[in-house]
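Notes to accompany the following structure.
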Amino acid sequence: MSQPINIGSVDDIPAGEARVLDGGDNSTGVDISIFHAEDGNFYALDDECTHEEASLADGFIEDAQVECPLHAAAFCLKTGKALCLPATENARTHRVEVRDGELILYPGEPAPTQD
Amino acid sequence: MDSVIVIGGGLGGFTVVQQLRGRGFAGAIAVVDPEGLPYDRPPLSKEFLAGGIDAEQLHFVEPHWFAERHVDVYAAAATAVDLPDPADDDGRAAVTLSDGGRLFADRVVFATGGRARTLPIPGGDLDSLFVLRTRADAEALRSGLRPGTRLALIGAGLIGAEAASAARGFGAEVTLIEPVDPPLVPAIGRELAERLHAMHTEAGIRVVTAAPVAIRASAGEHSIEFADGTVVSADVVLVGIGIEPETALAEAAGLDVDGGVLTDAGQRTSHPRVWAVGDCARPRYDDGTLGRRAEHWENAMHAGTAAAAAMLGQEPPAPTAPWFWSDRYGVHVEGVGDMSAGETTVTRADASGRVQAAFRLAPAGDGQRVVGAAAIDGGVAVRVARRLIDRGIAADPARLADSSVPYKQLLK
Ligand SMILES: Cc1cc2nc3c(=O)[nH]c(=O)nc-3n(C[C@H](O)[C@H](O)[C@H](O)COP(=O)(O)OP(=O)(O)OC[C@H]3O[C@@H](n4cnc5c(N)ncnc54)[C@H](O)[C@@H]3O)c2cc1C
Ligand code: FES
């Protein structure tokens, strides 16, 4: 498992927005987007939509889901589950933690989920 | 309910299957389509035509998906549907296949889509004219495109315009023929339609603003004639002037059809155990009036979901404003709601000062509501507009137009 990365302060990503961490900087080789959901939680998914190649960080974030900017596939931010067509494959999740106001990403380590 | 036959494996048919299984239906499901495994159509006039993706990548899911979910796919056309007496609760429908087979089920879904409309002019039915509805159509068109090929596109709606963009990559000499200048105003409003239409000329495509009156073909060459006597010569001609819903089978089976198989909000037809979804279906509202038939991707997906829910006695998803997209010349266009309703248009410019988004407004109470919106490379604008429409949120024209107001703020 790769090393956790400090990706900066929670204040760097306003609620309802996302930031991309370049694949070269996160040891997985794949761009990862970190989402600040409106419920205050942070989530991370592979940035590339599983339908085509749109960046999910440019998507519309609402209700702990992100809607792809190209064809409106929706993904659950918590589980990565593809919630509607045209995406049929789930997005890969990564664990993110908030520690003393800092965001810690565990690239390649799936986010813990209850379900 | 223990068995369902879905006639047509396009997006509408596939969604019904995916949703039935996703919602827990464990009975038998058969999909009948001469095209075989379900695949997606929008790339046919975009990446697939341009050669950027292959036939496998068009499939919604990998072939094993169907086997794992016990869904039988029959690569045949349905040629007849015999429906039971609607009053007979145990009656089963019989579907006859083009290979002679016969399938039985207690529910049937028509998801037969549409076929390309032919030009109602002399020569409009020539076999050598291309249309673009299927994978085979796209492959045939692509194989005719070489550097210097003279390609004439009749119709600059979504498919003609996308094909023009894709054909540029082959070094073809493209002429786009369209009587309306600019096309797509009802879909995206005048401001954006003008910006988009100008991109053809910027890309080196010749645009002819006129309606052809006849087409002749001889020795592999087509002559497209116009009322003023001018002629466009072309090696390859693609006609993209819209579709006719594929309703013959449903009509023969005795369903109510009027410019589409008539359905209620749960996609139920005039027969209690038959549903219709997607491009072939047309809404009939509770008061008996008929709605407009939609021919967009998202409508077929939404209808497939609503039909599956209704079949299982579950709550269908709330209706949302109709939405579509188109891609050409490296830009992404989206439209939502109805850009021909309402009374005024408000536009917002992008960083370089061009119109990026247009919002159509209608008076409501003592304020204004968004009834339609469209954008070029402005997905968030359209997503926000969709929510403004669906939730009936009052709109402030000044804020819609002000590019310093983030789109999402408009929801607050
Ligand atoms: C080239 C192209 C590009 C498009 N681009 C866009 C876009 O960018 N954005 C957008 O929003 N929409 C787009 N659309 C529209 C969108 O793809 C359609 O609205 C959608 O596919 C409709 O789904 P459907 O299931 O109703 O019909 P279809 O996808 O047309 O599927 C109907 C299926 O029924 C089958 N069938 C017909 N008759 C029979 C029979 N008798 N027996 C068995 N099977 C039968 C056909 O073989 C076909 O596979 C595009 C369409 C095309 C053709
Ligand atoms: S690229 Fe995301 S839905 Fe198509």
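The structure displayed is predicted, hence computed values, not measured ones. We use all heavy atoms of the structure for the numbers below, so side chains are in, but hydrogens, waters and symmetry mates are not. Chain naming here is simple, since letters A, B, ... match the order of the sequence lines and numbering starts at 1 in each.
Proximity to chain B (any heavy atom under 4.5 Å) is shown, for A72(A), by both the backbone and the side chain. With a 4.5 angstrom heavy-atom cutoff, Q19(B) does not touch chain A via any of its atoms. Heavy-atom distances place no part of Q57(B) under 4.5 Å from chain A, backbone and side chain included. With a 4.5 Å cut-off on non-hydrogen atoms, V384(B) touches chain A through its backbone and its side chain both. Heavy-atom distances place the backbone of P69(A), and not its side chain, under 4.5 Å from chain B. Using a 4.5 Å cut-off between heavy atoms, L411(B) contacts chain A through its side chain alone, with no backbone atom that close. Only the side chain of E52(A) comes within less than 4.5 Å of a heavy atom of chain B; its backbone N, CA, C and O stay farther away. Heavy-atom distances place no part of E298(B) under 4.5 Å from chain A, backbone and side chain included.
Residues of residues 19-40 of chain A lying within less than 4.5 angstrom of chain B, judged on heavy atoms, are E38(A) in numerical order.
Contact annotation: the side chain of R387(B) approaches that of F60(A) to within less than 4.5 Å [non-hydrogen atoms, C-beta and beyond]. Using a 4.5 Å cut-off on side-chain heavy atoms (C-beta onward), T88(A) and E62(B) make no contact. Between L85(A) and L11(B) there is a side-chain heavy-atom pair separated by less than 4.5 Å.
Here the SG atom belonging to C68(A) is positioned 7.0 Å from the CZ atom belonging to R383(B), to the nearest 0.5 angstrom. Interatomic distance, L70(A) CG to D327(B) CG, rounded to the nearest 0.5 Å: 6.5 Å. Remark: F324(B) CZ to H71(A) NE2 distance equals 12.5 Å, nearest 0.5 Å.
Counting heavy-atom pairs under 4.5 Å between each of W323(B), Y407(B), F14(B) and chain A puts W323(B) at the top.
Across all their heavy atoms, I61(A) and K408(B) have their closest contact at O-NZ, 2.6 Å.
Comment: R391(B) engages E62(A) in a salt bridge, judged by a side-chain N to carboxylate O separation of less than 4.0 angstrom.
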